[in-house]
Student: 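Could you have a look at this structure, given as structure tokens, before my questions?
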Amino acid sequence: MRIVDLLKKECIELNVQLNSKAEAIDKLVNLHQNAGNLIDANAYKEGILAREASGTTAIGDGIAIPHAKSKAVKSPALAAVTIPDGVDYEAMDGKPSDIIFMIAAPNDGDVHLEVLARLMTMLMDGEFRDKLLNAKGKEAFLRAIDTFEREKYPDEPKTSKEEKKRGYRILAVTACPTGIAHTYMAAEALEKAGKEMNLPLKAETNGSGGAKNILTSEEIANCDGIIVAADKNVEMARFDGKPVVITKVADGIHKPKELINKIIKGDAPVYHHKGAKTVAAHSGNESFGRKLYKHLMNGVSHMLPFVVAGGIFIAIAFLIDTIAGYGSSGSGDFGTITPAAKFFKAIGGISFDLMVPILSGFIAMSIADRPGLLVGLVGGFLATSGTTFTNLGGDVPSGFLGGLLAGFVGGYIMLGIIKLCEKLPNALEGIKPVLVFPLLGLGSIAVVMCAINPIMGFINTGMSNTLTKMSQTEGLMVPLCALLAGMMAIDMGGPFNKAAYVFATGMLSIQTDAAFTIMAAVMIGGMVPPIAIALSNTFFKNKWTDEERKNAPVNYIMGLSFITEGAIPYAAGYPLQVIPSCIVGSATAGALSALFGCKLMAPHGGVFVFATMSGTWYVYLAALAIGSVIGMLMLAILKKRAK
């Protein structure tokens, strides 16, 4: 689809006088509206303003391209104005914008990204911009666009015999964090500089619509070198053994000839790939802590779907048994009593069982590439099963904290194994990834986890004995309930959490008021962390990323269902902020539950088993609300704004 196919004469206005950015937006929205491109002009304008709020769409050099995808758009369309005196559109270079194109795109498809990419590369040409500014009428304006577009994007790209024979001497990859403007500006600048220097150059763009103009393995093999001008992760393993210049995307825009000369003069270092398949192209002076964080987030992002889907299935199981009339039974089988509930609980449980191995597996894979996946997955499973040298069946689970350790330890163990195996004969290269790496990695992580799990068992036994003594001492019930509730938030499914929960459920067998009070405190302590995180994402949006906010609402359901694991991805990503906040919130809720005299006979189910409570359920709900709000407020203090 060509630009002139989207730009009607009615959507063009030349040589207009505009005094502000707001006037410019109103003018362009009205052009779209008058041309019949919109269903609802106000809704479309809201989309434009929302996009501007996240960052100006003024590119610089007098260009601005506001854009929005909206259900208020009938079909893809463009509107354009030229402003001889310019208007302040908040461009990064401080210059007024004198050419503004506004893109209207429907929600289905990525037409606006394709148009945006093409417009950006065309408007990089100064002569083309001058022709648009000096156009005598709308026909001349459209003709200038059509002529230049056909020259730059012919239907059948012409390739010289030299290029066909030899390929491109220099290749490039460009990428910016948003994948919109600078990605295409850098690609255009590099290709233009290569043409001027009589050096064929092809640039791959890693834009928000996906990678385009992708470099082939043949082109990479035949080229003299590659320029990676990127400020975000790009695929680097394919460049192993080739001269590569790694720099920021801004250098691709402003210093294209300088980068090309580094390849031609042989100043580019040979790139040797290590670690994950996808790595950060330009990381500057990246600290070791930052690298650990990126590996961690790779595991968390893969684990999150298992937490969300599994948690919802388990909540459905509780709901089904409640509707069936078993909510007040106090049975330990609650959630599996009816066949339908048992099905959902089983499937949700399987998803939860996979959660920690997935976390550790993808942490290890981020560190050591594909060889790390096996080590991480097995290490995570050993952490959840609690396998030791003396009990291979497993009885000392180390939870998600053990899984975190397994991921990092396994990844770096595998890196060491890969390094050691570099000295093996070349004849063994073919069997390294399928035999040598898996065997050595599996044996190493098995030894490590079997050694760690008994330590966790020792900690669990000590905690259980201490808690039993406290429960038998008069006057310590409220502090004990606060302690147990706080323990539920320390590792959210790990040894501390399990020790508190096992102690509480074990106390139920004696059927005393003290036992029921402890059970109520433990359950409320496990409900607070997901709810506190959901509240924080709701009321302190600037503290969290878009992805984190998008996944947070399900934590309301998981928290009310007593599924603490919904907080794990956030605790894993920000342990120093999330875990202390959740501990304080849970401990407060547990203490209030005991003070209010709340007693619970059911070991699981959250709000679905409130009917089994001795006392008023709304007082228990008040304790839950207070603890969750305290956790939310503490998070607001400890956590910095999201970048």
Side-chain angles (χ1 to χ4, degrees), residues 3 6-35 37-73 76-106 111-113 115-124 126 128-130 132-135 138 141 145 176-185 207-208 250 253 541-542 546:
I3 292 173
L6 303 177
L7 185 58
K8 304 175 184 177
K9 287 184 182 180
E10 309 92 280
C11 286
I12 302 172
E13 193 160 333
L14 307 179
N15 304 318
V16 298
Q17 181 67 41
L18 298 172
N19 299 315
S20 66
K21 179 178 179 178
E23 283 189 20
I25 290 174
D26 286 339
K27 168 63 72 175
L28 288 155
V29 171
N30 287 335
L31 287 174
H32 274 301
Q33 175 70 2
N34 295 336
N37 298 330
L38 306 177
I39 300 170
D40 186 337
N42 291 329
Y44 172 68
K45 182 180 176 181
E46 287 178 6
I48 290 290
L49 294 176
R51 174 59 186 86
E52 294 296 330
S54 66
T56 180
T57 52
I59 310 303
D61 290 329
I63 306 164
I65 309 180
H67 50 276
K69 289 179 73 173
S70 173
K71 62 182 180 181
V73 177
L78 283 171
V81 295
T82 61
I83 312 160
D85 297 330
V87 65
D88 181 6
Y89 211 89
E90 302 173 0
M92 296 294 289
D93 60 4
K95 296 179 181 178
S97 300
D98 48 21
I99 301 179
I100 305 178
F101 284 85
M102 180 177 279
I103 302 174
V111 172
H112 75 298
L113 295 177
V115 174
L116 186 59
R118 183 165 289 197
L119 267 177
M120 281 307 310
T121 52
M122 291 173 63
L123 290 171
M124 285 290 293
F128 174 61
R129 293 200 304 271
D130 290 340
L132 296 182
L133 285 170
N134 297 321
K138 297 180 180 181
F141 188 87
I145 294 174
C176 64
T178 57
I180 299 179
H182 293 85
T183 299
Y184 304 104
M185 292 170 70
S208 55
I253 299 171
K541 291 184 170 62
N542 61 348
D546 290 341

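Model, not experiment: these values are computed from the prediction.
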Student: Rounded to the nearest 0.5 Å, what separation is found between the CD atom of E52 and the CD atom of E90?
Tutor: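 So the gap between those two atoms works out to 7.5 Å.
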Student: Tell me, do I48 and L28 make a side-chain contact under 4.5 Å, heavy atoms counted?
Tutor: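 Answer no - side chains too far apart.
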Student: Ignoring hydrogens, what is the shortest heavy-atom contact between R129 and D61? Give both atom names and the distance.
Tutor: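 In this case the closest contact between R129 and D61 is NE-O, 3.7 Å.
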Student: Please give me the minimum heavy-atom distance between D98 and L133, naming the atom from each residue.
Tutor: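 Between these two residues, the closest heavy atoms are O-CD2, 3.6 Å.
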Student: Strictly distance-based, threshold 3.5 Å: is any side-chain N or O of H32 a donor or acceptor partner for the main-chain N or O of M102?
Tutor: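 Pair found, side chain donor or acceptor close to backbone of M102.
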Student: Hey, could you give me the OH/CG distance between Y89 and L18, rounded to the nearest 0.5 Å?
Tutor: 10.5 Å
Student: Of the non-hydrogen atoms in L31 and A79, which two are nearest, and what is the gap between them?
Tutor: CB-CB, 4.2 Å
Student: Looking at N15, is its backbone amide N or carbonyl O close enough to the side chain of T82 to form a donor-acceptor pair, meaning the two atoms are under 3.5 Å apart?
Tutor: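 Indeed, once roles are kept as given, a pair shorter than 3.5 Å links the two residues.
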Student: Hey, are K71 and D40 close enough for a salt bridge, meaning a charged N less than 4.0 Å from a carboxylate O?
Tutor: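 Not counted as a salt bridge, because no side-chain N and carboxylate O are separated by less than 4.0 Å.
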Student: Identify the two heavy atoms, one from I63 and one from S97, that lie closest to each other, and give their separation to 0.1 Å.
Tutor: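 Of all heavy-atom pairs spanning I63 and S97, the closest is O-OG, 4.0 Å.
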Student: Of all heavy-atom pairs between Y184 and T121, which one has the smallest distance, and what is that distance?
Tutor: O-CG2, 3.9 Å
Student: Among V87, I100, T56, exactly one meets side-chain contact (heavy atoms from CB on, under 4.5 Å) together with K21. Which residue is that?
Tutor: T56
Student: Residues two or more places apart in sequence or in another chain: which of them pass salt bridge (Lys or Arg N to Asp or Glu O under 4.0 Å) with K138?
Tutor: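 For K138 there are no salt bridge (Lys or Arg N to Asp or Glu O under 4.0 Å) partners, ignoring immediate neighbours.
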Student: Distance-only, no hydrogens or angles: does the S70 side chain make a donor-acceptor pair with backbone N or O of A104 under 3.5 Å?
Tutor: no
Student: Restricting to non-hydrogen atoms, name the atom on I145 and the atom on M122 that form the minimum distance, rounded to 0.1 Å.
Tutor: O-CE, 3.8 Å
